[in-house]
Number of protein chains: 2
Amino acid sequence: MYSNDPDKPFGYDAFRRECMSHTVLEMLSSKWVYLVVGALSFGRRRHGELARKVEGITPKMLTQTLRVLERDGLVLREVFPVIPPRVEYELTELGRNLAGLLNEIRAWSERHVPEIVEARKQASPDSEGASAAL
Amino acid sequence: MYSNDPDKPFGYDAFRRECMSHTVLEMLSSKWVYLVVGALSFGRRRHGELARKVEGITPKMLTQTLRVLERDGLVLREVFPVIPPRVEYELTELGRNLAGLLNEIRAWSERHVPEIVEARKQASPDSEGASAAL
DNA sequence: CAGGATCCAAGTGGATACTG
DNA sequence: CAGTATCCACTTGGATCCTG
């Protein structure tokens with residue numbers, strides 16, 4: 001598919017709606033994916049530990065995010081048959097590979113806050129179309 | 001803020017809900033941001049050119065995305081006072097800096113399609129919680 | 001051509017309560 | 001503890017029509 005494009009040796013093009021790589025990009029475009037993968041990049045973690053690290057995430061979103069990551073082969077889930085339950089999550093090889101990139105984005109977000117806040121202030125007096133959306 | 005955390009020399013922590021870097025990360029977690037910034041990384045482009053490159057984006061989402069990027073200082077918008085209208089968009093220095101990272105993610109998405117498709121197939125027989133969400 | 005204005009269907013995600 | 005289930009407010013984003 002699309003292998004006739006010389007710029008795309010792998011035959012995938014995320015700019016195309018029907019391309020599988022587009023759905024991968026879509027999966028990655030979630031703030032919770034960034035943060036959960038980021039939290040797991042420190043090592044194997046339990047559900048509750050993740051919930052505490054990723055501030056503001058609800059149990060529902062945490063579970064949902066972990067399930068998607070597991071489905072796509074980025075996270076391994078291990079259940080211990082004990083009471084009370086104990087479940088641990090860990091990045092796979094593929095997940096660790098991705099985590100490097102995502103952490104760079106996260107670091108970038110932290111590093112460039114001043115410029116962006118400044119830009120927003122400039123744009124603010126007062127809002128145009130961008131006001132509604134975050 | 002948060003400057004008492006030795007791991008965060010910049011004093012920002014995207015894991016914290018109220019931290020400005022969290023809102024930056026939130027802004028970046030959009031498939032359209034990835035693709036529009038990606039399209040602009042090839043150079044200055046007109047509205048219509050972007051619409052054609054980023055398959056499936058509606059005029060509304062394109063404009064909205066561009067406005068957010070402009071507001072945050074990642075994109076410059078230049079209007080030519082001619083008829084019919086001509087508007088061009090271009091990445092700023094900060095935008096080009098970001099584009100490098102985002103393009104890596106996009107390339108990653110394209111490169112790892114096979115593994116992810118395989119993982120999804122394994123997970124499929126048949127769906128658990130991850131089925132509903134993309 | 002660029003994009004504003006509406007309308008609306010569907011998805012997202014938060015809050016809360018409950019269970020093995 | 002690690003979820004699941006439910007309800008619901010809000011947002012997202014597509015479709016459509018309109019204008020300088």
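A, B, ... follow the sequence lines: proteins, then strands. Residue 1 opens every chain.
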Requested in this report: Using a strict cut-off of less than 4.0 Å between a Lys/Arg side-chain nitrogen and an Asp/Glu carboxylate oxygen, indicate whether A:E88 and A:R86 qualify as a salt bridge.
Outcome: yes
Requested in this report: Please check if any side-chain donor atom of A:H112 sits under 3.5 Å from a side-chain acceptor atom of B:S21, or the reverse.
Outcome: no
Query raised in the report: Could you state the CD-C1' distance from B:E88 to C:dC1, rounded to the nearest angstrom?
Result: 13 Å
Report task. Would you kindly give the CZ-to-C1' distance between B:R17 and C:dG14, to the nearest whole Å? Result -> 10 Å
Report task. Please state how far atom CD1 in B:I83 lies from atom P in D:dT19, giving the value in whole angstrom units. Result -> 16 Å
Query raised in the report: Should the pair A:R96-A:E93 be classified as a salt bridge under the 4.0 Å nitrogen-to-oxygen rule?
Result: yes
Report summary line: note: B:K31, atom NZ; C:dT12, atom C1'; distance rounded to Å ~ 15 Å
Report summary line: B:M61 CE to D:dG14 C1', in whole Å, measures 10 Å
Query - Atom-to-atom span, CG of A:L62 to C1' of D:dA2 - whole angstrom - result: 10 Å
Query raised in the report: Base, sugar-phosphate alone, or nothing: which one does B:F80 contact when heavy atoms must sit under 4.0 Å apart?
Result: nothing
Query - side-chain N/O B:T58 vs D:dG14 OP1/OP2, d < 4.0 Å - result: yes
Query raised in the report: C:dA2 phosphate, OP1 or OP2: any side-chain N/O from B:R67 under 4.0 angstrom?
Result: no
Query - Closest listed nucleotide, where the reference is the side chain of B:P84 and the choices are D:dA2, C:dG3, C:dC1 - result: C:dC1
Query raised in the report: At under 4.0 Å, does any side-chain N or O of A:R77 touch on OP1 or OP2 of D:dG3?
Result: yes
**Report entry** Proximity to the side chain of A:W32 - top-ranked nucleotide from C:dG3, D:dT4, C:dG14
**Finding:** C:dG14
Query raised in the report: Checking only heavy atoms, does the side chain of B:K60 share a donor-acceptor pair with the base of D:dG14 at less than 3.5 Å?
Result: yes
Query raised in the report: Separation of B:Q64 atom CD from C:dA2 atom C1', in whole Å?
Result: 16 Å
Requested in this report: Counting heavy atoms from C-beta on, name the nucleotide in C:dC1, D:dG3, D:dC1 closest to the side chain of A:R46.
Outcome: D:dC1
Requested in this report: Nearest whole angstrom, please: distance from the P of C:dG3 to the CD1 of B:I57.
Outcome: 12 Å
Requested in this report: Please check if any side-chain donor atom of A:R77 sits under 3.5 Å from a side-chain acceptor atom of A:Y89, or the reverse.
Outcome: yes
Query raised in the report: Of all the nucleotides listed (C:dG13, D:dG13, C:dG3), which has the minimum atom distance to the side chain of B:T63?
Result: C:dG3
Query raised in the report: Under 4.0 Å between a Lys/Arg side-chain N and an Asp/Glu carboxylate O for B:E78 and B:R44?
Result: yes
